[in-house]
Number of protein chains: 2
Amino acid sequence: MTIHLADTGDNGVLKPCTHEYQVNCGNCRLNSICLPLALESDDIKQLDDIIQRSKPLQKNQHLYREGDDFQSVFAVRSGTLKAYKTTDDGREQVTGFYFPGEILGMDGISNNAHASSAKALETAAICEIPFSSLEKLSSLMPNLQRHFFQLMSREITEDQQLITLLSKNSADERVGALMLSISTRNARRKLSSTQFRLPMSRVDIGNYLGLTVETVSRVFSRMQKMDILQVDNKEIEILDLEGLRTMANLGR
Amino acid sequence: MTIHLADTGDNGVLKPCTHEYQVNCGNCRLNSICLPLALESDDIKQLDDIIQRSKPLQKNQHLYREGDDFQSVFAVRSGTLKAYKTTDDGREQVTGFYFPGEILGMDGISNNAHASSAKALETAAICEIPFSSLEKLSSLMPNLQRHFFQLMSREITEDQQLITLLSKNSADERVGALMLSISTRNARRKLSSTQFRLPMSRVDIGNYLGLTVETVSRVFSRMQKMDILQVDNKEIEILDLEGLRTMANLGR
DNA sequence: CCTGCACCTTGATTCACATCAAGGCTAATA
DNA sequence: TATTAGCCTTGATGTGAATCAAGGTGCAGG
């Protein structure tokens, strides 16, 4: 069997293809946490018709870059992506990690240009949802319109939580909160909430949480010593969920 | 002339009233930067019909509180508000300041409950836009739907800029960036971009920028000494816009 | 197999901002 | 006019995370 190298040349343009990537929303096992949520099955069919699926993105390939024309939002079918902005002095601010079932790209709507870049942290399958079609469909399907408003609102509240985390919490609390967030999102997808492999590097974690690599590493060591986490490079096991919650100290 | 004390008892419920607050979107001088932007005049009329105006909010009164049922989004007609969350340990994270023409409350859509509280920093007149009506109207008016998507997206990108600011920038840069932001927003409303009165306290600024009052105060003193700002309590004059931009160091 | 490189860890030192402490200014109220 | 309370400023000291530095680990390619 041949390996499908995505042929985008890392320029962010996904070319349609007719391989086994052709799943549909109706039978996608993520449809209960993704866009189709809240739609009737005949409505799902219509949504499905506007969605474009393409060859998977390889690790480190970009889905889009800051400043690119905004055409579509994207749903993650498999793999993980990070969204990030590059500051003028070349440093990188990671604004989010996106797991299967999650939607990204909504920050591009306001200026018709992507406000951040998105890059695959590992091989990733993506559903592309052309925004103009989504708008038309939303006008016709109140449930879809409502759901998309909610998705955007969720993005806002999540950003606000990150703002609070960055502004008020210690390094231990920040890393703890991220581990809990990943744990929760795994649970939503019926995966283990206590054992997982981190798709992102320590550098990415640092750039997301406003910490340096060294600090992130030290926090992991500390949590390991306290028997809260078992850390083996990217393999994480949560040994003491209550202890982790206490450490994260988020009141939720 | 009698003084109109708002009779909400600070419980966040605005009661309709029939006083001189009755303006309409068609003649509101903010309509070029507010929701009506991008609407034809007959469409503006329809939007106007769903908007409720009430007695002004007095200083320190709440428009809504974290956890309140979400019913409406709000536009600021005059005055300034702050949105904030209270952390479990009682500290306050200010998530945004809202000036005339700006929309707040969109973070409540995702859970049908407000994710933050909003409080008037000075007497403020507010337009209330019931969300269910806005949804219906959006289905009928593609331009309105599009504009509201864009407003939400703008909120996301602004939050992301704050995230970057908090995670990567020094105290000087953070305060500088806020001054520039206020300056720009004043310009949009045809007010002076170089002289203004801060509606918020030093504590609020600190809680927004992730700094203590003392640090905020010291930054102002430093900028004054460098002849970048003239600071007289809440009265600010920008003396050296270029210097301020350099100090804020935001590349935009 | 060795080599190189990317990524992670650990220790020593430094520094920006928090914390602690005190005093000043302004405005509302008696 | 005196009194109080809220807000702001300034100085001295402390500290958590950044920075600097070095070494370890695991994987890809020759």
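Letters A, B, ... are given to chains in the order of the sequence lines, protein chains preceding strands, and every chain is numbered from 1. The structure presented is a predicted model; accordingly, all values stated were derived computationally and were not measured.
No side-chain donor from either of B:E66 and B:S116 sits under 3.5 Å from a side-chain acceptor of the other. Of the N and O atoms on the side chains of B:S181 and B:R185, at least one donor lies less than 3.5 Å from an acceptor on the other residue. Side-chain atoms of A:Q93 and B:K168 include a donor-acceptor pair closer than 3.5 Å.
Residue whose closest nucleotide on DNA chain D sits further toward the 5' end, between B:R202 and A:R222: B:R202.
Atom pair B:K234:NZ and C:dC25:P shows a separation of 18 Å (rounding to whole Å applied). Atom NZ in B:K59 sits about 10 Å away from atom P in C:dA28, given to the nearest Å. Atom-to-atom, NZ of A:K225 to C1' of C:dG11 comes out at 12 Å; the value is rounded to the nearest Å. Atom CG in A:N207 sits about 17 Å away from atom P in D:dA17, given to the nearest Å. Look at CD1 on A:I205: it is 11 Å from C1' on C:dC8, rounded to the nearest Å. Rounded to whole Å, the distance from CE on A:M200 to P on C:dC7 is 14 Å. The nearest whole Å value for the distance from the CD atom in B:Q224 to the P atom in D:dC8 is 15 Å. At whole-Å resolution of the value, CG in B:D204 and P in D:dG6 are 15 Å apart.
Axis deviation across the helix from C:dC1-D:dG30 to C:dA30-D:dT1 amounts to 30°, comparing end segments of five pairs, rounded to 10 degrees.
In this structure, A:T212 does not reach the D:dT19 phosphate: none of its side-chain N or O atoms is under 4.0 Å from OP1 or OP2. Between B:T215 and C:dC17, a side-chain N or O to OP1/OP2 separation shorter than 4.0 Å is absent. Side-chain nitrogen and oxygen atoms of B:S217 include none within less than 4.0 Å of the OP1 or OP2 phosphate oxygen of D:dT10.
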Can you give each donor-acceptor pair under 3.5 Å made by side-chain atoms of residues 212-230 of chain B, sequence neighbours left out, with the distance rounded to 0.1 Å?
unit_1	atom_1	unit_2	atom_2	d
B:T212	OG1	B:T215	N	3.4
B:T212	OG1	B:T215	OG1	3.1
B:S221	OG	B:S217	O	3.1
B:R222	NH1	B:D172	OD1	2.6
B:R222	NH1	B:D172	OD2	3.3
B:Q224	OE1	B:V231	N	3.1
B:Q224	NE2	B:V231	O	3.2

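Residues satisfying the ring pair (Phe, Tyr, Trp, His ring centres under 6.0 Å) criterion with A:F196, sequence neighbours excluded, are absent altogether. The side chain to side chain contact (heavy atoms under 4.5 Å, CB included) check on A:E158 picks up A:R154, with sequence neighbours excluded.
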Pairs: protein N or O with nucleotides 20-27 of chain D N or O, under 3.5 Å:
unit_1	atom_1	unit_2	atom_2	d
D:dC20	N4	A:E214	OE2	3.1

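Contact check on B:E237 versus B:R197 returns no salt bridge, with no Lys/Arg side-chain nitrogen under 4.0 Å from an Asp/Glu carboxylate oxygen.
The aromatic rings of B:F74 and B:Y64 lie parallel to each other, with less than 30° between the two planes, well short of the 60° mark.
B:G206 comes within 4.0 angstrom of no nucleic acid atom, judged by non-hydrogen atoms across all strands.
Looking at every heavy atom in both residues, A:Q160 comes nearest to B:D107 through OE1-OD2, 3.3 Å.
Closest to the B:L211 side chain, of the nucleotides C:dC8, C:dT19, C:dC17, is C:dC17.
Contact check for B:H62 versus B:S117: side-chain heavy atoms found under the 4.5 Å cut-off.
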CA sep, side-chain torsions, deciding dist, call: B:E92, B:T86, side chain to side chain donor-acceptor pair (under 3.5 Å): CA-CA 5 Å; B:E92 185 175 304; B:T86 307; 5.5 Å; no
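At a non-hydrogen distance threshold of 4.0 Å, nothing from residues 165-174 of chain B comes into contact with DNA chain D.
More than 12 heavy-atom neighbours from other residues, nucleotides or ligands sit within 6.0 angstrom of NZ on B:K234.
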